[in-house]
Structure formats: structure tokens, C-alpha cells
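The structure under discussion appears below in the form of C-alpha cells.
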Amino acid sequence: MMPRRLVTVCVAFLLGLALCGLSPAQKTSSKHKHEAQKQSFGTREGRAVNLYTLTNAHGVEIRAMNYGGIITSIRVPDRKGQLADVVLGHETLEGYTPNPPYLGAVVGRYANRIANGTFMLDGKTYTLPKNDGPNTLHGGVKRTFDKVVWDDEALQGNNGVAFSYLSKDGEEGFPGNLKLKVTYTLMDSNELVINYEATTDKATPINVSQHSYFNLAGEGTGDILGHELMLNADRFTPVDKNLIPTGELRPVKGTPMDFTTPTKIGARIDDNYEQLVLGKGYDHNFVINRKGSGMTLAARAYEPASGRVLEVSTDQPGVQFYSGNFLDGTVTGKQGHVYKRRYGFCLETQHFPDSPNHPDFPSTILRPGETFHTKTVFKFSTR
Ligand code: BGC
């Protein structure tokens with residue numbers, strides 16, 4: 001038998017030999033295996049669109065591209081370790097152009113609705129293009145955050161990617177050159193950390209959100225009515241027939257809007273409650289219960305068959321719970337899956353809809369010299 005020391009020396013020698021045989025690229029990839037991997041995904045507006053893949057120590061894999069800041073897939077394990085893609089989306093860039101439901105996109109300059117496409121700021125009236133009956137939804141029509149090519153770079157030394165976009169003064173009717181950066185970072189704790197940062201050279205409203213549609217059983221497998229949802233919100237902002245907040249902050253207690261204890265999304269969704277009739281299901285901003293301005297749990301969704309859990313935390317005042325009521329089977333997504341009504345739900349952390357027209361709501365105005373910063377975390381686990 002070889003003495004133990006000799007064995008160690010031999011093993012070290014053989015390992016050294018093996019390493020010398022590796023190409024520099026292989027060495028880099030093994031050393032930095034938890035950095036974003038970039039691949040080209042096509043072109044738009046004559047610019048390169050790149051798809052970034054983030055993976056972590058538990059095999060979680062997230063893909064996002066610089067067209068619309070879109071998250072194209074999120075693969076997470078179920079309670080048996082089986083991976084599935086839990087967001088609706090497409091396999092190709094073409095699938096996203098156009099992308100009427102805003103699958104996976106960053107929405108803005110003003111996420112959700114601005115009533116009658118108009119607001120007043122510092123004594124001046126601004127008019128925006130309308131794309132939702134009388135309203136402006138998710139920032140307008142042409143150059144909204146979800147349908148432009150952003151600058152892109154992998155984060156150095158972090159498992160993430162940064163997308164930056166300059167929204168020019170007057171673009172879609174909004175004032176000021178707004179410089180916006182969003183970063184997606186995947187942690188080994190199975191958290192996707194989303195940071196937004198912005199500055200402007202003229203006062204402007206800003207409200208940004210992530211519009212991923214989740215189905216924790218796996219995208220395209222069915223509707224989301226069996227998911228159990230908890231919303232950390234004692235109040236919500238009721239809407240009028242155009243889905244514009246009336247200004248009231250209404251207690252959820254005693255209504256089908258009460259998700260303060262985990263409840264199946266489908267349990268009351270078709271109740272004859274005026275707000276559900278108006279929204280054709282859930283399509284409402286919930287006022288997050290919070291003490292102070294820091295990160296707070298906004299929502300927890302649980303899918304009983306797979307055991308997958310999604311927790312959403314944020315520093316924002318609201319979360320739009322949208323139960324995918326307007327998905328109607330006209331979009332065919334990954335693997336030929338047809339996205340029918342309520343096949344995905346969104347938990348859009350945000351400021352309240354139409355805040356620029358509601359002086360009582362928390363302010364969404366960013367002024368020159370200030371830095372806008374907001375953070376949302378999607379945490380995946382099982383039970
Ligand atoms: C809105 C829905 C809208 C959807 C667009 C959501 O944020 O609340 O009313 O239909 O975005 O797909």
C-alpha cells in the first residue's frame with residue numbers, strides 16, 4: 001500500500017496536470033460559474049439583443065434580455081427537486097414583438113394607469129398617448145420600457161445583469177431625460193433581487209414594475225386558481241369602471257379581497273362583488289402593511305401540487321395583484337403552450353395607479369438632483 005502522503009502528492013500532481021490541460025475559457029467558466037452567461041438573441045432597432053442566463057448553486061436558472069428588460073424564464077425546483085419554468089413567455093425574440101400582455105417585462109415610465117392620459121405637474125398639464133380606453137397604461141404606446149432595447153452589461157463579480165435605458169425628454173409625453181437602470185441578481189438563497197435606479201433633468205412621475213406572469217405549477221400547465229395566496233395588505237384601492245382608483249383606501253376585511261390569511265386565488269374570484277366584476281377578477285392595487293419604509297413582505301403564493309412557494313418583498317407602497325383575466329388564448333408561448341384566461345398571475349410591486357392625479361397617494365414625482373431607488377425581491381422555496 002502507498003503511504004498516505006505519497007497518495008496526496010500523486011493526486012495533487014495529477015490534478016495539476018488536468019488543470020494545465022484546460023483551455024483558458026474552460027478555466028474562466030469554472031472559476032466564475034456563477035456569473036451571467038451572455039448569448040445573442042437577435043436584433044431590434046438595428047441593435048443587438050442579448051439573452052443573459054443566471055444560474056445558482058441550487059440549479060435555479062433565470063434568463064433575461066435587454067429587449068424590454070424582459071425575464072424570459074425562471075426555472076426553480078419543486079419539493080422533489082424537479083425543475084420547471086414558472087413564468088409565461090416565449091422561446092424567441094420574435095415571440096415578444098409584439099408582447100400585448102407585457103409578459104416578463106419592465107413596465108414604465110408609469111406602470112399601470114394614468115386616468116385620461118393626463119396629469120398636472122408644477123402647474124403644467126401633460127398629455128400622454130392613450131392605449132387603454134380613455135387611459136394610458138404602462139407608459140404609453142410606442143417607446144415604453146417594455147418595447148425598447150436597453151444597454152446591457154453583466155455585473156462584475158456578481159451573479160447578475162444590468163440593463164440601462166435613457167427615456168428622452170418628451171418621450172411618450174413625459175417630461176425630462178430619465179436615466180434608468182434595472183439590475184437582476186440571482187442569489188444562492190434562491191432570491192432574485194431586482195433593483196431600479198433613476199435620475200432625471202426635469203421633474204417627472206416615475207413608477208416602474210416587473211410584469212412577470214407566474215404559474216408555480218409550470219408555465220402553460222393550466223390556470224392559477226388553485227394557488228394559495230397571502231397578501232400582506234389590510235386595504236386596497238377600489239377602482240371605477242375604467243380601472244382607475246377612486247381615491248378610497250378600503251379595508252379588505254369581510255370582502256373577497258381579503259388575502260391576509262392564505263386563500264386559494266379561485267375561491268372567490270367570480271363572486272358578485274362589484275370590484276371583482278369591474279376587474280373581471282383580481283386586478284387591483286393592494287396597500288402593503290408596513291412599518292417604516294424598508295423591505296417588507298408583500299405577498300406569498302404557494303402551489304400545493306408542486307410545493308413551490310414565491311415570496312415577494314419590496315420597499316414600495318403597493319402591489320398590483322392581477323389574476324391574468326385578460327389572457328384569452330390568443331398568445332401561444334413556450335413549447336406551443338396556449339396562454340388562456342388566468343393561466344398566470346402578476347404581483348407587480350409599485351406605487352398606486354394614477355398617483356399623479358391623486359395628491360393624497362404617496363408621491364411618484366422624481367426631481368432633478370434626486371436619485372430614485374427601489375428594490376423588489378422574488379424568493380423561491382418549497383414546502
Ligand atoms: C393591469 C391589467 C392589464 C395588464 C396588461 C396589469 O398591470 O393591471 O389591467 O390588463 O397589466 O397585461
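Note that ligands are numbered from 1 as they come in the structure, with each ligand's atoms numbered from 1 the same way. Bear in mind the structure is a predicted one, so any value in this text is a computation, not a measurement.
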Between Thr53 and the options Gln37, Arg75, Arg63, the side-chain hydrogen bond (donor to acceptor under 3.5 Å, both in side chains) test singles out Arg63

Practice prompt. Determine whether any heavy atom of Tyr213 lies closer than 4.0 Å to an atom of ligand 1.
Written response: yes

Atoms of ligand 1 under 4.0 Å from any heavy atom of Glu348, numbered from 1 in the order shown, are 6 (C), 7 (O)

For Pro101, the atoms of ligand 1 under 4.0 Å from one of its heavy atoms are 12 (O)

Restricting to heavy atoms, the pick from Phe326, Tyr102, Phe321 nearest atom 5 (C) of ligand 1 would be Tyr102

Quick check: does any side chain N or O of Asn177 sit under 3.5 Å from a backbone N or O of Asp201, one acting as donor and the other as acceptor?
no

- Query: Quick one: does Arg268's side chain have a donor or acceptor within less than 3.5 Å of a partner on Asp258's backbone?
  - Reply: yes

inquiry  = Tell me if the aromatic rings of Phe352 and His358 count as close, with their centers under 6.0 Å from one another.
reply    = no

Within the 4.0 Å heavy-atom cut-off, what Asn325 brings close to ligand 1 is neither

**Any donor-acceptor pair under 3.5 Å from Lys334 side chain to Thr72 backbone** = yes

Sorted by chain and number, sequence neighbours left out, salt bridge (Lys or Arg N to Asp or Glu O under 4.0 Å) with Glu172 holds for none

Among Arg113, His211, Gln320, the residue with a heavy atom nearest to atom 6 (C) of ligand 1 is His211

Nearest non-hydrogen protein atom to atom 8 (O) of ligand 1, with distance, is Asp283 OD1, 2.5 Å

